[in-house]
Structures are given as structure tokens and as C-alpha cells.
Amino acid sequence: MLFLVAALLLLGVVMGTVAHAPLTFTVVAAAVIAAWLGIFALRERHGRRRGTSTN
């Protein structure tokens, strides 16, 4: 429950910041985050197919 409260608080802070940021900065930041998440997803999918484990 504490994690949920902290996540909602952080979301509120970030959304408040984005509302005051210039549109170009917001678009660039969103593109960087989307690319990072896409690369992460591809690496995870590739790692699971090979059956590698970090443990």
C-alpha cells in the first residue's frame, strides 16, 4: 500500500512538472523513454527465448 501511495505521489509530481515544461522538451523526453522501454522489452524477449537466467 505504501508503494502505491509513493507511486501516485511521484506521478503527481511528474505530471505537474510536464504541465509546465515546454512541449518540445516533453516530446523529446517521451521519445527517449519510449525508446528505452522498447530496447528493454526487446532485450527481455530475446533473453527469455535463449533461456538465459541471471540467477
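In this chain, residues are counted from 1 in sequence order. Note that these values count all heavy atoms, side chains included, but never hydrogens, waters or copies made by symmetry.
Side-chain contacts under 4.5 Å among hydrophobic residues (ILVMFWY), followed directly or transitively, place L37 together with I33, W36.
Not counting sequence neighbours, the partners of V18 by the side-chain contact (heavy atoms from CB on, under 4.5 Å) test are V14, T26. Applying the side-chain contact (heavy atoms from CB on, under 4.5 Å) test to F3 and every residue at least two apart in sequence or in another chain returns nothing.
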